[in-house]
**Q** 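Please see the structure below; I have some questions.
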Amino acid sequence: MTNSIVSIISTDLVLLDVDAGTDKESVIGRLADRLADSGRVSDRADLLAAAMAREAQSATGLPGGIAIPHCRSAAVASPSIGFARLAPKVDFGAPDGPADLVFLIAAPDGAGSEHMKLLSSLARALVRPDFVASLREAKTADEVVRLVDGVVNPAPAAPTTTPAAESQPAQSTSLVAITACPTGIAHTYMAADALKLAAERAGVNLIVETQGSSGSTPVGADTIKNADAVIFATDVGVKDRQRFAGKPVIASGVKRAINEPDKMIAEAVAAAGNPNAPRVEGTAGAADAGVPTGGVGWGTRIRQILLTGVSYMIPFVAAGGLLIALGFLFAGYDIANKPDGATDSLAHIIATTNSLTNLPSGGFTQYLGAVLFTLGGLAFSFLVPALAGYISFAIADRPGIAPGFTAGAVAVFVGGGFIGGIVGGLIAGFAALWISRWKVPQWFRGLMPVVIIPLCASLIVGLLMFFLLGRPLAAVTSGLTNWLNGLSGASVILLGVILGLMMCFDLGGPVNKAAYAFATAGLNVADPASLRIMAAVMAAGMVPPLAMALATTVRPGLFSEPERENGRAAWLLGASFISEGAIPFAAADPLRVIPSMMAGGAVTGALIMAFDVTLKAPHGGIFVFFAIGNLVWFLVALAAGTAVGAFAVIGAKQFAGRQRAQTNVSQQLFE
């Protein structure tokens, strides 16, 4: 037995033809027992909880009766693999039925890259029918160990003496492929190896770039130049797609590459010799990221584009907003006001005229608060430009960033605000994408991405915003602001209910982010309506993890051990305004958890509005208490929503039965 076998898998970690229970938790628990008994895991319960939390995020079942549950845990001493060949089979969520071959991959908490390497190595091997057949036919644990160790620790390839000219026949078709799935783990590598095997059978030269979680080595420019055609087997956008501009292309999702690799190779070979075949649009060095590929439609693509902008905007919001809140903590709320006759706020005056050797009347604390408030305001001022810039980036890649930021800056200048940033970002991105498709001479192409595209796209979007769109967008923004300020009574409570429902619907997904972006983009310390909206959004977003934490504490018998572990962690996640802390519960039982959380969020949102609670910081949860107006009522509203959500989910599980199976709906919702 080799040293590598000892460090990764050994015969005591192999179970052959065993009845390990009827559900995946039982199977994983049985393998966790083996890892614990071998001394590789210090806490069996911790490993099981980590593995089941990963199962709650998305299914680990693969086509062909295979499952690869995996996790990282502080209880794991070194990367290890447990294997079970099951009789009977157990469902791990694969679309084609239950699994009889199960690998439990356990990695230490800090071994992210090692964990992914084990996963990708196994996934690559599991696409080979001979390897899977050998696992099913193995008579002893030693045979399984040799097979598994052979793929996760392959022997170095022997040096070849074959001349390069002989190893790659001049007549052979050359192809390049990109594979990428949403999680970047199993299917990415399975598609890659399925295509490689099909290319070998067809006598075709194929180079694959796997854009996955264990790292990616980009295909070289010379390889792309010499390729006769390109295969995009992706469920997400292709990184740096413009490298392949002009090449014949065959595009699909990763599942087709796994199930029909021979057909895809044949189609790519045919496309290579067909002058009328579809080609990757754009010019080399220009952007083409906005074209939907790999089975991704325009509706989904637009959603991805907008979420990209929001995702890149949030760090500016969080950093700037929290700095502003700290400024209030140290210097008081008057720091945002303008002294009589002044054109700038007191914070700006102090930050620009005072220093460590010339402190203001309030001393160092006031000076520090003024500086923090000013820093926060500067960071916050990038909110709309960053939103627009990265919306444009999502459409047109790097050449779209400059016109997108310009569009966002114009939106702020003309008063278009958040809505103007979205419109401007979309216009800038599609303008840059259109310009990238211009047919220009080869000698001119080098100027396109760094000069021509940013210049022309900025000019287009700037003129449109100033000449046509600026005033209408400003009117819409002003009207929305005036409407919000004019809300009272039942109307403002209804707005709180709607915001609460949105924050709890998908727990960090598109709807949640839309509500959060609406609140943060309009946040203005001088606007009470925006402060109430921010308070409703943050309080409602805290409800789901806190409600699940309370539910697992009050009725632990209704939840599994991993869920109880997640519940203990959810107290801190909820207090910190991390709605995603409730995802493991919602993914495992969406039909009972999500409506319950929405009920709690609606109650909290309504009470926040009814009690006129305000919030001057866009993040931080209960830890930015100093930025909350009417703190007691904030806590009352949060406690009420938490209680409603917790007892709603307890009632749903108690009287409607507990849904144990993970459904395809939950996978799609939290993908």
Side-chain angles (χ1 to χ4, degrees), residues 313 316-386 408-418 420-421 470 474-475 477-488 519-535 538 611-620 623-634:
M313 176 194 77
F316 291 95
V317 174
L322 290 174
L323 284 169
I324 289 173
L326 288 173
F328 288 141
L329 177 64
F330 285 103
Y333 293 115
D334 289 340
I335 202 74
N337 298 329
K338 295 178 181 179
D340 292 338
T343 57
D344 293 319
S345 67
L346 179 60
H348 185 269
I349 294 171
I350 292 175
T352 54
T353 59
N354 293 100
S355 66
L356 288 173
T357 58
N358 178 30
L359 294 173
S361 58
F364 176 74
T365 301
Q366 187 184 35
Y367 178 60
L368 176 61
V371 170
L372 291 174
F373 181 89
T374 304
L375 280 174
L378 292 171
F380 216 73
S381 67
F382 285 100
L383 188 156
V384 175
V410 173
V412 173
F413 184 81
V414 300
F418 174 57
T477 302
S478 176
L480 178 62
T481 301
N482 293 335
W483 175 70
L484 291 174
N485 284 325
L487 288 177
S488 61
T520 54
L523 185 59
N524 182 347
V525 295
D527 179 9
S530 73
L531 301 183
R532 290 196 298 271
I533 291 171
M534 191 70 251
M538 189 169 82
F611 296 145
D612 198 25
V613 178
T614 60
L615 174 63
K616 293 183 173 68
H619 213 292
F623 300 104
V624 290
F625 61 90
F626 52 85
I628 300 173
N630 290 331
L631 176 60
V632 172
W633 287 116
F634 178 91

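Only this structure's heavy atoms are used, side chains among them; waters, hydrogens and symmetry mates stay out. These numbers were taken from a predicted model, which means no experiment stands behind them.
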**Q** Sequence neighbours left out, what passes side chain to side chain donor-acceptor pair (under 3.5 Å) with Ser355? Give chain and number order.
**A**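 Per chain and number, Ser355 pairs via side chain to side chain donor-acceptor pair (under 3.5 Å) with Thr357.
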
**Q** Taking only residues two or more places apart in sequence or in another chain, which ones pass side chain to side chain contact (heavy atoms under 4.5 Å, CB included) with Leu323?
**A**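 Scan of Leu323 (side chain to side chain contact (heavy atoms under 4.5 Å, CB included), adjacent residues dropped) gives Leu372, Leu375.
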
**Q** If you compare all heavy atoms of Thr614 against all heavy atoms of Pro528, which two are closest, and at what distance to 0.1 Å?
**A**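 What the structure gives for the nearest pair is CG2-O, 4.4 Å.
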
**Q** For Leu378, give me all partners under side chain to side chain contact (heavy atoms under 4.5 Å, CB included), at least two apart in sequence or on another chain.
**A**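 Thr374.
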
**Q** To the nearest 0.5 Å, what is the distance between CG on Asn354 and OG on Ser361?
**A**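 Here the interatomic distance stands at 8.5 Å.
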
**Q** If every non-hydrogen atom of Ala411 is compared with every non-hydrogen atom of Gly421, which pair is closest and at what distance?
**A**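 Shortest heavy-atom separation between Ala411 and Gly421 comes out as CB-N, 3.6 Å.
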
**Q** Under the ring-ring contact (aromatic ring centres under 6.0 Å, His included) test, which residues partner Tyr367, sequence neighbours left out?
**A**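 Tyr367: no ring-ring contact (aromatic ring centres under 6.0 Å, His included) contacts found.
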
**Q** With sequence neighbours excluded, what pairs up with Asp612 under the salt bridge (charged side-chain N to carboxylate O under 4.0 Å, His left out) test?
**A**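 For Asp612, the residues satisfying salt bridge (charged side-chain N to carboxylate O under 4.0 Å, His left out) (neighbours in sequence not counted) are Arg532.
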
**Q** Can you give me the closest heavy-atom contact between Ser345 and Pro339, atom names plus distance?
**A**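 Nearest heavy atoms, Ser345 then Pro339: C-CD, 4.3 Å.
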
**Q** So, taking the atom named CD1 in Ile335 and the one named CZ in Phe373, what distance separates them when rounded to the nearest 0.5 Å?
**A**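 Reported to 0.5 Å precision, the distance equals 7.5 Å.
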
**Q** Pro385 and Ala409: which non-hydrogen atoms are nearest, and at how many Å?
**A**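 Of all heavy-atom pairs spanning Pro385 and Ala409, the closest is CG-N, 4.0 Å.
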
**Q** Measure the CD-CG distance between Gln366 and Leu359 for me, rounded to the nearest 0.5 Å.
**A**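 Gln366 atom CD to Leu359 atom CG measures 9.5 Å (nearest 0.5 Å).
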
**Q** Check Ala535 against Phe634 and note the closest heavy-atom contact, atom names and distance.
**A**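 Closest pair (atom of Ala535, atom of Phe634, distance): O-CE1, 4.1 Å.
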
**Q** Find the distance between CG (Leu368) and CZ (Phe330) and round it off to the nearest 0.5 Å.
**A**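 That separation rounds to 5.0 Å.
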
**Q** Check side chain to side chain contact (heavy atoms under 4.5 Å, CB included) between Phe626 and all other residues, then give those that pass, not counting sequence neighbours.
**A**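 Once residues adjacent in sequence are excluded, the partners of Phe626 under the side chain to side chain contact (heavy atoms under 4.5 Å, CB included) criterion are Ala325, Leu326, Leu329, Val624.
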
**Q** What are the two closest non-hydrogen atoms of Ala331 and Gly369, and how far apart are they?
**A**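 That would be CB-CA, 3.7 Å.
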
**Q** Walk me through it: do Asn630 and Phe611 pass the test side chain to side chain contact (heavy atoms under 4.5 Å, CB included)?
**A** CA-CA 8 Å; Asn630 290 331; Phe611 296 145; 5.8 Å; no

